[in-house]
J.: 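The structure under discussion is supplied below as structure tokens; questions concerning it will follow.
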Amino acid sequence: MRWLKMILIVILGLVALWLVGRMIWSVPSTEGRPTEHVIPFDPETRLGPEALAAQSDHPGQSGVNPLPDGRTAFLSRMALAGGAERSIDVMYYIWHDDETGLLLMNALKEAAARGVRVRLLLDDNGIAGMDDMLAAMHAQENFSVRLFNPSTVRNPKLLGYALYPLRMNRRMHNKAFIVDGAAAIVGGRNIGNEYFEVGEAPAYLDLDVLGVGSVVTDTAAIFDEYWNSAPVLALDQVISGSGDMAAFDNAVEAARNSDVGQAISDMTATVAAELARGERPPLVWTDVSVVADDPLKGVGEVDRDKLMIFRLADILGDVQKRLDLISAYFVPGKNGSQQFAALASKGVEVNILTNSWQATDVPMVHAGYVKYRRELLEAGVNLYELKPAEDGDQPHDPMGPFGSSGASLHAKTFAADDLRVFIGSFNFDPRSAALNCEMGFLIESAEIATGGSDLMNNDLVGRSYQPILRDGKMLWRDPQADGGEALIEHEPGLGLGNRVAVYVLNLLPIEWLL
């Protein structure tokens, strides 16, 4: 009885501390905050005349250009920022303070100094160590920074998860870069060296798309919804002070003079650079729609049938012949497994590529995928697991990639019937479905869809293990450089200790967090 009383006292004490902590570090209110809107497209800007002419040639459609190369993706953002004249609206899950992150942030700062209105919306999960830098940006004229579901405790930030666990587990995973209401880049890349394939940081295999035309208006409207939404707070509501601009300028100068900075300065022009110069580059003109979650998903106030996953499920339900899906983190769950199995049962060729155990940077997610692997194979789904580019064990880092260039998938895309393709931030896992806010472009284009399928089936599949079932036993096909293949009896790179860990993780009730 005495021990029960002591335990009860401890529990009551912890609850009291929790309540006091929530009072001290309460979430600021957004009540009464003025609503801000995107600056409308202006035909008098540098991007204006050509964008207007192109739209008149393709009424109601959008022009798109995929950005599969990381360096091109970075230069495209820099070119658009450098050519901006009215507005830059930017939203990202992760922004690093490495060379590419610093140079792109400086491009936004320079745009604001020219009189361009810059609105920067970041998820608080992916800006480690950047409070002072962001405060310095927010203090500048024409530059506003807001944070999605920020921790009101800045150090240690993880204490915010203890005080507000449900709120802090809902993140904004969106990626969008919108300039002058005339051009937008949407896709899977965050901001950092590894996403742009530069420097010594190991690189991700990823995909963005540049869009102009009607889809930009819709993307800008979605940005406005997020910018003015309840989960979003102004930076100065959670971070005090005006930062240290001198320190930022010194860091930018060091980034310019670094090997990475010099390499970037030598890179060639991009389609976005042509747009920024007021030229009309070659684009694929077609029907494009932007698909996005309601930002109120960030506070858990969206009906399940309005989540983005249901829109994508409707699209997948219309597949007739073939589905090629790439998802860096793939945990289909019971419903997803049943849906992919149903497609396969009606004769649809279903090909799914995800990271192998050796290439993943989130072991728990791979454990969640393993739970459904046999079921999918038995249903006739073709699974592929991307191999790391280098042999040997790699350290797992829950917030970053590893290995050599292209060693780890980060792309989130699918092509249906070689007719339409989705490119965006959505992983087929429970976190993307129910917790994270996501977005992407759905493009009706046989040219781009076929290109995506060819990339997967002609290139990436040859760099992947293929799990198969033979006499009820799971084996892994391992393509060899000479064109042959080896058969592996146990999951590559997964030793006995790791197999035990995967088994234990599958017993835990954590799938909803993966």
J.: May I ask you to decide if the ring planes of His410 and Tyr329 are parallel, tilted or perpendicular, using 30° and 60° as cut-offs?
T.: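 Perpendicular, since the angle between the ring planes exceeds 60°.
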J.: For Cys437 and Asp294, which heavy atoms make the closest approach, and how far apart are they?
T.: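 Looking at all heavy atoms of both residues, the shortest contact is SG-O, 4.0 Å.
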J.: Is the ring pair Trp227/Phe223 parallel, tilted or perpendicular, if the boundaries are 30 and 60 degrees?
T.: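 Trp227 vs Phe223 ring planes: parallel.
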J.: Decide yes or no for Ile448 and Pro66: does some side-chain heavy atom of the first lie under 4.5 Å from some side-chain heavy atom of the second?
T.: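 Side chain of Ile448 against side chain of Pro66, heavy atoms only: contact under 4.5 Å found.
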J.: Taking the six-membered ring for Trp, are Tyr92 and Phe177 parallel (under 30°), tilted (30 to 60°) or perpendicular (over 60°)?
T.: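 Judged by the thresholds at 30° and 60°, the geometry between Tyr92 and Phe177 is tilted.
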J.: Could you please spell out the steps behind the salt bridge (Lys or Arg N to Asp or Glu O under 4.0 Å) verdict for Asp89 and Arg119?
T.: CA-CA 5 Å; Asp89 293 327; Arg119 296 188 293 175; 2.8 Å; yes
J.: Only counting residues at least two apart or in another chain, list the ones meeting side chain to side chain donor-acceptor pair (under 3.5 Å) with Ser214.
T.: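 Result, side chain to side chain donor-acceptor pair (under 3.5 Å) vs Ser214: Ser62.
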J.: With sequence neighbours left out, what residues match Asp131 under side-chain contact (heavy atoms from CB on, under 4.5 Å)?
T.: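 With neighbours one apart ignored, the set is Arg154, Ile239.
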J.: Do other residues, nucleotides or ligands put more than 12 heavy atoms under 6.0 Å from the CD atom of Glu36?
T.: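 Enclosed.
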J.: Sort and list the pairs that fulfil side chain to side chain donor-acceptor pair (under 3.5 Å) and have at least one residue in residues 230-250, not counting sequence neighbours.
T.: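 Every side chain to side chain donor-acceptor pair (under 3.5 Å) pair that includes a residue of residues 230-250, provided the two are not neighbours, is Lys109-Asp249, His138-Asp236.
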J.: Classify the ring geometry of Phe148 against Tyr226: parallel below 30°, tilted from 30° to 60°, perpendicular beyond 60°.
T.: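 Tilted.
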J.: Evaluate Asp180 against Arg46 for salt bridge (Lys or Arg N to Asp or Glu O under 4.0 Å), listing each step before the verdict.
T.: CA-CA 9 Å; Asp180 285 345; Arg46 196 178 318 175; over 6 Å; no
J.: Show the nearest heavy-atom pair for residues Ile39 and Arg86, with the distance to one decimal.
T.: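 Residues Ile39 and Arg86, closest heavy atoms: CD1-O, 3.6 Å.
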J.: Between Asp123 and Arg171 (salt bridge meaning N to carboxylate O under 4.0 Å), is one present in this structure?
T.: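 Looking at Arg171 together with Asp123, the answer is yes, because their closest N to O distance falls below 4.0 Å.
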J.: State, yes or no, whether a side-chain contact exists between Phe196 and Ile191 at a heavy-atom distance under 4.5 Å.
T.: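 Of all side-chain heavy-atom pairs linking Ile191 with Phe196, at least one is under 4.5 Å.
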J.: Counting only heavy atoms not in Asp459, do more than 12 sit closer than 6.0 Å to its CG atom?
T.: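 Check passes, neighbour count above 12.
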J.: Can you tell if the side chain of Pro150 reaches within under 4.5 Å of the side chain of Leu233, non-hydrogen atoms only?
T.: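 Side-chain contact under 4.5 Å: yes.
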